[in-house]
Amino acid sequence: MEKILLTGGNGFFCTRFAQRYQNTYEILSANTSMLDVTNEAQVNETIKNFNPDYVIHAAAKASTDFCNENPELAYKINVTGAINVAKACKEVHSKMIFISSEQVFNGNTNGGPYTEDVTPCPDTVYGQNKLEAEGLLKEILPELWVLRFTWLFGIPERNCGMSANILWGTLTDILKGKKSLVTPNEYRGLTYVHEVINQFPKIFQIPYGTYHVGSHNDLSRYDICTLIIKEVGLEHRLNELLGKDLEKYKNHTRDIRLCTDKIKSFGLEFSESADGVKKCIKEFKLKL
Ligand SMILES: NC(=O)c1ccc[n+]([C@@H]2O[C@H](COP(=O)([O-])OP(=O)(O)OC[C@H]3O[C@@H](n4cnc5c(N)ncnc54)[C@H](OP(=O)(O)O)[C@@H]3O)[C@@H](O)[C@H]2O)c1
């Protein structure tokens, strides 16, 4: 069995990944207490001892606000931690997957969908950390895939981590009886987390390099929330549950969508975001 080491093992992505592939790969899903990526000696020892075929480096501080408020700590985890992992991978000839983000484009003003050829101009610490780490890792390790994910969504699952996402955020507001105020002036790719996870055996077969990963989406954030409310059976309460935030991004539409044609050319297809939302709601039989 091939071996995979996951960093950030308690997180939203890794917990689901480890469950999905527990019988396919030998997986070491390392949470922060087992493997703190800022601890270079611990990283070296853990990777040397497990000797994985692949290291999926997902550990990060991924909250934009947290990173802006704690830039030194964010750098230490998001950049120095990634370097530690890449150097250790090089020592034992493990292939590395670095999970980057659409947020590298959050300061670009032309609007997406961005291809891998567009130069990113991040304007948050998190986006800057991811972009800097991408560049430094490429210098350390030739056997590297950089995967820039769109915004992932999913719902709580048994023994799995959660992170903020559009589907669970909308459902939580409904359950709390809170009206969601959502901008119609924002466009992002929104990808069902299990769709990304399911593609990994194929990802291990594509050439090393940088790839934009996830769903394309022509709907605004407001339109997606409308769809969620309809799909869970609450269309009759739409006006009570959802309102438009017309102030946010009113002077400049925010569009950080990724063009995923490059990865598609290697046979990796993703649903449109609307179809991904419908699929998730159907799979979990979500009706309110
Ligand atoms: N979810 C998305 O929509 C999305 C989109 C684009 C890119 N990404 C990237 O995908 C990766 C996984 O995202 P996710 O949603 O699964 O995030 P997540 O749930 O926040 O998971 C990240 C994990 O990293 C851990 N971590 C933090 N500091 C660490 C350290 N020093 N050493 C080891 N682990 C540490 C966190 O543990 P603590 O909770 O203990 O801090 C957390 O369990 C991240 O790199 C993120 O930047 C995610």
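In each ligand, atom 1 is the first atom listed, and ligand 1 is the first ligand listed. Sequential numbering from 1 along the given sequence is applied to the chain's residues. Computed from a prediction, not measured in an experiment: that's the story for all the values here.
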Using heavy atoms and a threshold below 4.0 Å, how should the contact between [X] and ligand 1 be classified: side chain, backbone, both, or neither?
X	answer
Lys130	side chain
Ser100	backbone
Lys61	side chain
Tyr126	side chain
Thr150	backbone

Under-4.0 Å heavy-atom contact between protein and atom 24 (O) of ligand 1: yes
Atom 17 (O) of ligand 1 within contact range, any protein heavy atom under 4.0 Å: no
Students should be able to answer this: which protein heavy-atom is nearest to [atom], and at what distance?
atom	answer
atom 35 (C) of ligand 1	Thr32 OG1, 3.5 Å
atom 15 (O) of ligand 1	Ser163 OG, 3.3 Å
atom 32 (N) of ligand 1	Val37 N, 3.0 Å
atom 44 (C) of ligand 1	Ala58 O, 3.1 Å
atom 21 (O) of ligand 1	Gly11 CA, 3.4 Å

Is there a nitrogen or oxygen of Ala60 sitting under 3.5 Å from a nitrogen or oxygen of ligand 1? yes
Please determine if Asp36 has a nitrogen or oxygen closer than 3.5 Å to a nitrogen or oxygen of ligand 1. yes
Just jot down the ligand 1 atoms closer than 4.0 angstrom to any heavy atom of [X], in number order.
X	value
Phe13	16 (O)
Ala59	24 (O), 33 (C), 34 (N), 35 (C)
Trp151	3 (O)
Asn10	43 (O)

Look at ligand 1 and say whether Asn39 reaches it with a heavy atom at a distance under 4.0 Å. no
Measuring from the heavy atoms of Leu35, does anything fall under 4.0 Å of ligand 1? yes
Look at Glu143 together with Lys90 and state whether they make a salt bridge at an N to O cut-off of under 4.0 Å. no
Short N-O contact, Glu91 and Lys48, less than 4.0 angstrom: no
Could Lys3 and Phe50 be counted as a cation-pi pair, given that NZ or CZ must be under 6.0 Å from the ring centre and within 45° of the axis? yes
Polar side chain donor-acceptor pair, Asp223 to Ser220, under 3.5 angstrom: yes
Candidate list Arg188, Arg148, Lys130, test salt bridge (charged side-chain N to carboxylate O under 4.0 Å, His left out), partner Glu102, passing option: Arg188
